There are 2 protein chains.
Amino acid sequence: MIPKQTVNMTDVARRSGVSIASVSRALRGESGVSAATRDRILSAARELAYVVSPEASRLSGGPTGRVGVIVPRVDAWFYSTILAGIADEFDTVGMDLILCTLPTSAARHRFFEALPLRRKVDAAVVVSLPLSARERTRLDQLAVPTVFVGGHRTEDHRPWVGIDDERAAQQAVGHLLRIGHHDIAMIQAADDTDIPWATDQARIRGFHQTMQEAGLADPTVVTVKWSVDGGSHGMETLLSRSRPPTAVFCHSDEIALGALRTLRRSGISVPQQVSVIGVDDHPAAELSDLTTVAQPVREQGRIAARVVLGGLGDGDASGPPASVTTLPTRLVVRGSTAPPR
Amino acid sequence: MIPKQTVNMTDVARRSGVSIASVSRALRGESGVSAATRDRILSAARELAYVVSPEASRLSGGPTGRVGVIVPRVDAWFYSTILAGIADEFDTVGMDLILCTLPTSAARHRFFEALPLRRKVDAAVVVSLPLSARERTRLDQLAVPTVFVGGHRTEDHRPWVGIDDERAAQQAVGHLLRIGHHDIAMIQAADDTDIPWATDQARIRGFHQTMQEAGLADPTVVTVKWSVDGGSHGMETLLSRSRPPTAVFCHSDEIALGALRTLRRSGISVPQQVSVIGVDDHPAAELSDLTTVAQPVREQGRIAARVVLGGLGDGDASGPPASVTTLPTRLVVRGSTAPPR
DNA sequence: CTGAAAGCGCTTACAG
DNA sequence: CTGAAAGCGCTTACAG
């Protein structure tokens with residue numbers, strides 16, 4: 001006879017001398033089990049390395065023990081760092097993480113039409129994804145608690161964790177103004193799809209607003225693809241002007257790194273001739289001595305995970321965090337910015 | 001809230017006037033259902049917008065439709081890129097990806113002792129993890145097809161996808177030798193745990209071997225922590241010698257980037273005074289004009305996914321023949337290497 | 001506090 | 001080709 005490969009609840013029940021009903025109750029931490037019985041059951045479960053079958057549990061009306069995490073892509077610093085924060089938290093409570101990446105618009109379309117997560121997860125975390133009305137409706141049809149992290153908060157007060165992108169832009173531009181720059185341009189990034197990423201819009205809004213408050217009307221903005229090369233091209237465009245700016249606010253560090261590359265290749269010294277500042281505090285920013293506005297990325301993932309777990313009743317004793325969490329950003333001055341000459 | 005979907009197989013059976021057994025067979029495309037019956041069932045299912053319950057299906061002996069992916073951490077370029085490749089492939093076949101990260105030794109220990117993936121996945125992909133005998137045994141107890149990707153291939157001929165790290169080192173050092181360097185040092189990286197990462201060992205072996213074949217005995221090697229800062233310190237150590245090398249082979253691009261930082265800060269020009277080469281072709285390598293030996297990372301993930309999906313049809317874990325795929329690495333010459341002066 | 005029993009929605013021998 | 005029935009491993013009223 002083929003040896004049974006997995007230990008089930010019956011095995012635990014037998015080993016601890018109780019019924020499976022009691023095992024089920026004890027394992028889920030329900031009341032109505034005596035301390036002695038509970039201890040016996042828990043140690044039997046430990047000894048047998050028992051794992052509840054999510055299928056059976058779910059089929060009987062219990063939770064799946066899984067949370068879906070939906071992320072545009074995973075091979076980019078920001079997303080993978082958020083994901084790491086989420087995974088950290090899930091790990092501590094034994095929640096399984098089902099990863100959904102939507103790298104192409106085809107994948108994205110497929111995801112929202114087929115809803116592959118349906119009936120498979122207890123909750124969902126959506127990272128940085130601006131959703132159409134249709135997509136939001138489909139997501140609702142998952143019928144599970146959902147929290148959004150990164151990107152821009154929705155208008156309809158859904159659970160959200162992120163930063164204030166407008167404020168981040170303000171901090172960056174404020175720094176440039178404070179050290180004496182007036183001629184400040186922005187290299188703005190846009191996704192190559194036509195999706196309106198709220199992050200992008202908020203950062204440029206912050207730029208314009210801060211400039212306007214400083215009495216500097218109509219600052220130069222060039223819009224490029226969201227990539228290092230995009231940043232390079234953006235800076236090339238700025239340098240081709242009759243009078244290039246003395247400082248450049250870049251939408252993000254990746255854009256800024258591209259801008260720095262162009263400046264280096266053009267033999268223009270940073271920060272003596274041009275100051276450059278980004279947003280994010282990407283690991284490469286420190287390497288390139290780039291001044292930036294740091295955001296706590298991993299922490300955003302962590303908090304989002306806690307919020308979503310809290311919504312499931314698994315939160316800690318202090319209760320679930322506020323449903324909308326805005327984390328602070330912080331100016332990090334390095335060597336790429338200095339007063340204009 | 002959206003009305004819960006309650007259409008089950010019984011509803012489809014009733015509507016098409018057959019038993020649920022026939023519905024099950026027809027829906028899974030099994031033979032043994034007449035064409036007429038099948039058509040009737042399929043259209044009934046379509047009309048009711050029926051979706052099979054994965055839980056019930058699995059509980060009755062079907063597959064889970066999930067694969068576990070085990071990765072040391074996800075917030076690092078190499079791992080997240082492999083993961084992206086895996087996710088790409090899984091997406092095309094509708095396989096769900098359960099992500100397990102083992103960022104700390106505690107998490108790692110917990111994972112192998114509790115085996116949280118047990119009974120939850122049809123297969124597993126293990127990324128870059130050197131395993132102890134104990135850990136390997138535990139992994140076997142998942143009793144599912146498992147493929148290893150990245151890191152070094154195991155000696156016991158398990159399915160594996162990766163590169164030849166010895167050859168990569170050889171390509172890097174060969175380049176330095178070819179352009180005329182004799183005084184070549186290596187900055188070697190070591191994990192801060194005591195786990196013997198085969199990748200590390202293979203790269204240093206490749207270094208020593210290539211140097212020896214060139215008649216250059218006892219080259220200098222400094223061992224540092226596997227990080228950018230580690231690379232920085234490694235280079236500081238080399239510079240403190242009475243006669244620094246003219247070229248440095250770095251264990252990886254991250255190490256090399258740290259080394260470049262130290263050189264820049266020390267006012268030593270690259271490649272005029274010192275040549276630097278890395279391994280990986282990390283995105284930052286291009287930005288820093290770093291010569292390197294590129295490895296196809298995303299492709300490794302893709303192939304591993306295909307291998308593991310391919311193994312799923314073959315019944316039990318012992319069935320499919322071990323597949324070993326070694327992908328080629330490629331020298332990418334940029335501006336950080338030049339003949340010695 | 002504890003257990004026997006009825007499902008949950010499927011798949012799969014086993015019989016016709 | 002088709003169906004009745006026995007599970008799969010849980011959760012949860014319902015009784016004691």
Side-chain angles (χ1 to χ4, degrees), chain A residues 1-42 44-45 48-66 94 96 118-120 122 143 312-313, chain B residues 4-42 44-45 48-66 116 118-122 143 315:
Chain A
M1 131 172 196
I2 295 170
K4 206 173 57 160
Q5 284 188 343
T6 58
V7 12
N8 60 25
M9 200 171 262
T10 304
D11 296 322
V12 179
R14 187 158 28 214
R15 188 178 187 104
S16 43
V18 297
S19 71
I20 62 166
S22 292
V23 175
S24 175
R25 284 189 277 255
L27 256 30
R28 277 173 303 113
E30 264 192 10
S31 61
V33 186
S34 71
T37 305
R38 179 184 306 278
D39 288 349
R40 202 144 29 87
I41 290 169
L42 291 183
L48 295 172
Y50 172 69
V51 185
V52 173
S53 158
E55 331 295 342
S57 172
R58 176 58 186 154
L59 193 53
S60 316
T64 63
R66 291 176 225 129
D96 288 327
R118 212 179 349 175
R119 305 164 86 178
K120 293 180 183 170
D122 299 331
L312 296 177
Chain B
K4 213 174 95 186
Q5 170 157 352
T6 54
V7 179
N8 61 23
M9 202 172 261
T10 304
D11 297 322
V12 179
R14 187 158 28 214
R15 188 179 186 101
S16 44
V18 295
S19 71
I20 63 166
S22 290
V23 174
S24 174
R25 284 189 277 255
L27 256 31
R28 277 174 301 113
E30 265 193 8
S31 61
V33 186
S34 72
T37 305
R38 178 185 307 278
D39 288 350
R40 202 143 29 89
I41 291 170
L42 291 183
L48 294 172
Y50 172 70
V51 184
V52 173
S53 158
E55 326 296 342
S57 173
R58 172 55 186 157
L59 194 53
S60 317
T64 64
R66 287 176 230 127
R118 213 169 359 164
R119 309 163 79 187
K120 293 179 181 171
V121 294
D122 299 331

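To find a chain, count down the sequence lines: A is the first, B the second, and so on, and within it residues start at 1. Both backbone and side-chain heavy atoms feed into the values below; hydrogens, waters and symmetry mates do not. Note that this is a predicted model, so its numbers are computed, not measured.
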| request: Tell me whether the OP1 or OP2 atom of D:dT11 has a side-chain N or O from A:S24 closer than 4.0 Å. | output: yes
| If you round to the nearest 0.5 Å, how far is CG of B:L59 from OG of A:S60? | 8.0 Å
| Does A:V7 offer a backbone N or O that forms a donor-acceptor pair with the side chain of B:R119 under 3.5 Å? | yes
| Contact class for B:R38 vs. all strands (heavy atom < 4.0 Å): base, sugar-phosphate, or nothing? | nothing
| message | According to side-chain contact (heavy atoms from CB on, under 4.5 Å), who are the partners of B:T10, at least two apart in sequence or on a separate chain? | response | B:N8, B:R14, B:I20
| query | Which whole-number value in Å describes the distance from B:K120 NZ to D:dG9 P? | reply | 15 Å
| Mind checking what makes side chain to side chain donor-acceptor pair (under 3.5 Å) contact with A:R15, not counting sequence neighbours? | A:E47
Look for any protein N or O under 3.5 Å of an N or O in nucleotides 3-5 of chain D and output each such pair with its distance, or none.
unit_1 : atom_1 : unit_2 : atom_2 : d
D:dG3  : OP2    : B:S19  : N      : 3.1
D:dG3  : OP2    : B:S19  : OG     : 3.3
D:dG3  : OP2    : B:S22  : OG     : 3.0
D:dG3  : N7     : B:R25  : NH2    : 2.7
D:dG3  : O6     : B:R25  : NH1    : 3.3
D:dG3  : O6     : B:R25  : NH2    : 3.4

| field | Those residues of residues 26-34 of chain B lying under 4.0 Å from DNA chain C by at least one heavy atom | value | B:R28, B:E30
| Residues that B:T37 engages under side chain to side chain donor-acceptor pair (under 3.5 Å), provided they are two or more places apart | B:S34
| message | So if I take residues 49-66 of chain A and measure heavy-atom distances to DNA chain C, which residues fall below 4.0 Å? | response | A:L59, A:S60
| Any donor-acceptor pair under 3.5 Å from B:R38 side chain to B:E30 backbone | yes
| said: I need the full list of side chain to side chain donor-acceptor pair (under 3.5 Å) pairs touching residues 18-27 of chain A, with sequence neighbours left out, sorted by first then second residue. | reply: A:S24-A:R28
| Within this structure, what is the CE-to-P distance between B:M9 and D:dG7, rounded to whole angstrom? | 20 Å
| task | Sort by first number and list every stem of DNA chain C: at least 3 consecutive Watson-Crick or G-U wobble pairs, both distances under 3.5 Å. | result | C:1-3 with D:14-16, C:5-12 with D:5-12, C:14-16 with D:1-3
| Distance-minimising heavy-atom pair for A:P63 and A:S57 | O-OG, 3.3 Å
| note | Taken to the nearest whole Å, CG/A:D39 to P/C:dC1 is 13 Å
| Qualifying residues under side-chain contact (heavy atoms from CB on, under 4.5 Å), relative to A:L27, sequence neighbours excluded | A:M9, A:V23, A:I41, A:L42, A:A45, A:Y50, A:V52
| request: Using the test salt bridge (Lys or Arg N to Asp or Glu O under 4.0 Å), find all partners of B:R66 that sit at least two apart in sequence or belong to another chain. | output: A:E55
| request: Return the 5'-most residue of the pair B:A35, B:R119 with respect to DNA chain D, ranking by each residue's nearest nucleotide. | output: B:A35
| field | With A:D122 via salt bridge (Lys or Arg N to Asp or Glu O under 4.0 Å) - residues at least two apart | value | none
